[in-house]
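Count residues from 1 along the sequence.
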Amino acid sequence: MDKEMTMEELMSDFELKNFHKGEIVKGKVVSVKNDEIVVNIGHFADGIIPKNEISNDDEFDINSLSIDDIIYVMVLSGDDGDGNVLLSKKRADKEKTIENIERSFEENKLISVKIKEVIKGGLSCDANGVKVFMPASQCSIRKIENFNTLLGKSLDVKVIEFEKRNNKIVVSRRVVEETLAKEEKERIWNSIKSGEKRQGVVTKLVKFGAFVDIGGVNGLIHLNDMSWSRVNKPEDVVSVGDNVEVFVQEVDKSKGRISLSLKDILQNPWDNIKTKYKVNDVLDGVVSKFIKVGAFVEIEPGVEGFVHISEITDENISKPSDALEIGKKVKVKILDINSDENKIALSIKDAIEKSKEYMQYNDENEGFCLGELFKDFKFTNK
């Protein structure tokens with residue numbers, strides 16, 4: 001049988017603590033009732049947290065606390081009238097939150113807040129029982145038309161001002177979004193590789209091409225890379241808002257430039273030119289461009305041939321426009337094909353001569369009877 005302990009021994013085993021008003025101490029939950037929580041804080045009497053001192057959150061569920069849970073409380077008085085110590089959990093939570101906010105401010109860390117109210121100049125927010133202010137200019141990197149749409153939302157924010165003495169805490173969501181956008185942009189830049197295809201959205205048209213957003217960064221499609229055909233202005237091919245598939249030609253991260261191409265998504269029409277055409281073929285084409293020494297004629301979308309000024313006509317002309325018009329349909333004869341350099345030499349005057357020969361051949365053969373046409377053929381009866 002164990003030796004019976006003396007009162008002196010019992011007292012030495014039980015550590016009695018003296019507390020001061022406003023002190024924050026750690027305690028263990030003894031019981032949870034509808035209107036109060038009983039906490040053991042190592043005092044000769046238990047501490048009591050009345051309902052109105054449990055939490056600043058109106059939606060707090062008292063049943064979320066269980067027996068033996070360890071919580072922080074603030075001492076409000078040494079005696080509630082019944083010999084118990086009067087405690088406050090919500091005030092201790094507030095002090096702890098302020099300490100955490102100060103630490104987050106010093107260590108450049110984020111805190112979580114809940115948007116409570118739209119006030120003059122911005123938003124009133126709650127950080128676990130501590131009121132903080134978010135200026136309108138710090139709510140987002142994007143323009144917010146109606147701040148009421150943010151009410152009730154929980155957001156991660158950065159503390160940009162902290163003055164404990166004046167109880168002034170200012171936070172920013174904009175800084176967080178800027179950091180996230182920068183990190184995302186860096187991730188995208190690191191992921192983009194030359195030679196790959198990407199989905200994008202046309203964001204802007206300029207004189208020399210179109211800008212395309214390919215997931216957070218913009219690349220440029222130059223006019224020359226919009227189509228295998230000649231393009232005079234970007235709106236002939238794309239419009240702002242169009243979803244497009246583009247080919248990444250070059251990535252220059254140091255200069256923040258990405259060169260894109262639309263035409264490289266499609267098959268190069270020059271790839272099978274030699275199988276489709278041969279020298280001396282006469283084709284229909286459209287005059288597409290003038291230069292000082294001749295004219296370009298498009299014989300199919302993306303394929304242009306060059307007609308030297310001496311091959312336009314036998315007449316004496318000083319410039320191509322003396323005999324031709326942009327957009328005019330003409331017949332051309334192929335003089336030479338260099339598919340390796342995407343070049344075709346054409347002649348308009350030779351095409352006209354060949355056409356005349358064809359017409360002359362038809363004229364000379366008019367009036368022939370069937371017997372003359374088939375005189376060299378032998379017919380047999382089976």
Side-chain angles (χ1 to χ4, degrees), residues 2 5-116 124-133 154-159 161-171:
D2 293 338
M5 297 183 72
T6 65
M7 179 61 68
E8 185 178 348
E9 290 172 328
L10 285 171
M11 292 298 293
S12 64
D13 285 347
F14 188 79
E15 182 184 357
L16 293 178
K17 298 178 181 178
N18 294 317
F19 300 106
H20 303 285
K21 183 178 180 180
E23 186 177 354
I24 295 177
V25 298
K26 186 163 61 174
K28 181 186 289 188
V29 176
V30 175
S31 70
V32 178
K33 302 177 183 179
N34 290 333
D35 56 351
E36 67 179 22
I37 299 173
V38 180
V39 181
N40 179 359
I41 56 173
H43 196 54
F44 63 85
D46 288 329
I48 303 297
I49 307 174
K51 188 174 182 178
N52 65 330
E53 291 294 338
I54 294 175
S55 176
N56 283 304
D57 187 353
D58 296 333
E59 300 176 2
F60 181 80
D61 182 7
I62 193 172
N63 293 312
S64 64
L65 293 175
S66 303
I67 293 174
D68 291 337
D69 280 354
I70 303 299
I71 61 174
Y72 285 94
V73 291
M74 178 182 285
V75 177
L76 298 184
S77 69
D79 191 337
D80 65 352
D82 295 321
N84 298 308
V85 179
L86 187 61
L87 306 174
S88 173
K89 177 180 178 297
K90 71 177 185 181
R91 301 190 198 193
D93 289 343
K94 183 176 180 179
E95 288 299 317
K96 284 292 182 182
T97 298
I98 291 175
E99 289 179 11
N100 290 334
I101 292 175
E102 183 176 18
R103 190 180 306 111
S104 297
F105 176 68
E106 293 171 348
E107 298 177 359
N108 203 29
K109 294 181 178 179
L110 305 183
I111 65 170
S112 179
V113 300
K114 189 172 185 178
I115 312 301
K116 287 292 189 179
S124 176
C125 312
D126 177 78
N128 195 25
V130 176
K131 185 179 290 188
V132 300
F133 175 64
S154 294
L155 300 173
D156 288 333
V157 296
K158 183 178 180 182
V159 183
E161 287 187 51
F162 182 87
E163 295 181 16
K164 188 173 184 179
R165 179 179 299 179
N166 299 324
N167 201 25
K168 181 181 180 181
I169 303 172
V170 182
V171 298

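Between I54 atom CD1 and D93 atom CG the span is 11.0 Å, to the nearest 0.5 Å. Note that the NZ atom of K51 and the CD atom of E36 stand 11.5 Å from one another [nearest 0.5 Å]. Within the model, atoms CG of N100 and CD of E107 stand 10.0 Å from one another, a figure rounded to the nearest 0.5 Å. Note: E163 CD to E102 CD = 12.0 Å, rounded to the nearest 0.5 Å. L87 CG to M74 CE: the interatomic distance, rounded to the nearest 0.5 Å, is 10.5 Å. To the nearest 0.5 Å, atom CD of residue E161 and atom CD1 of residue I169 are 11.0 Å apart.
Under 3.5 Å, the side chains of K114 and N128 contain no donor-acceptor pair of N or O atoms.
Here the shortest heavy-atom pairing between K28 and I70 reads CB-CD1, 3.9 Å. In terms of heavy-atom proximity, L86 sits nearest to P50 at CD1-CD, 3.7 Å. Contact record, S112 with D156: CB-OD1, 3.8 Å, taken as the closest heavy-atom pair. Closest non-hydrogen pair, I71 versus V73, comes out as CD1-CG1, 3.9 Å. Summarising the geometry of V132 relative to A127, their closest heavy-atom pair is CG1-CB, 4.4 Å, with the distance given to 0.1 Å. Between S31 and I67, the closest heavy-atom pair is CA-CG1, 4.3 Å.
V38 is listed as a side-chain neighbour of I48, based on a closest heavy-atom distance under 4.5 Å.
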Does the side-chain contact (heavy atoms from CB on, under 4.5 Å) test come out yes or no for K89 and V39, once each step is laid out?
-> CA-CA 10 Å; K89 177 180 178 297; V39 181; over 6 Å; no

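Enclosure of atom NZ in K90 by more than 12 non-hydrogen atoms of other residues, nucleotides or ligands within 6.0 angstrom is indicated. Residue-environment remark: CG (N34) stays at or below the threshold of 12 foreign heavy atoms within 6.0 Å.
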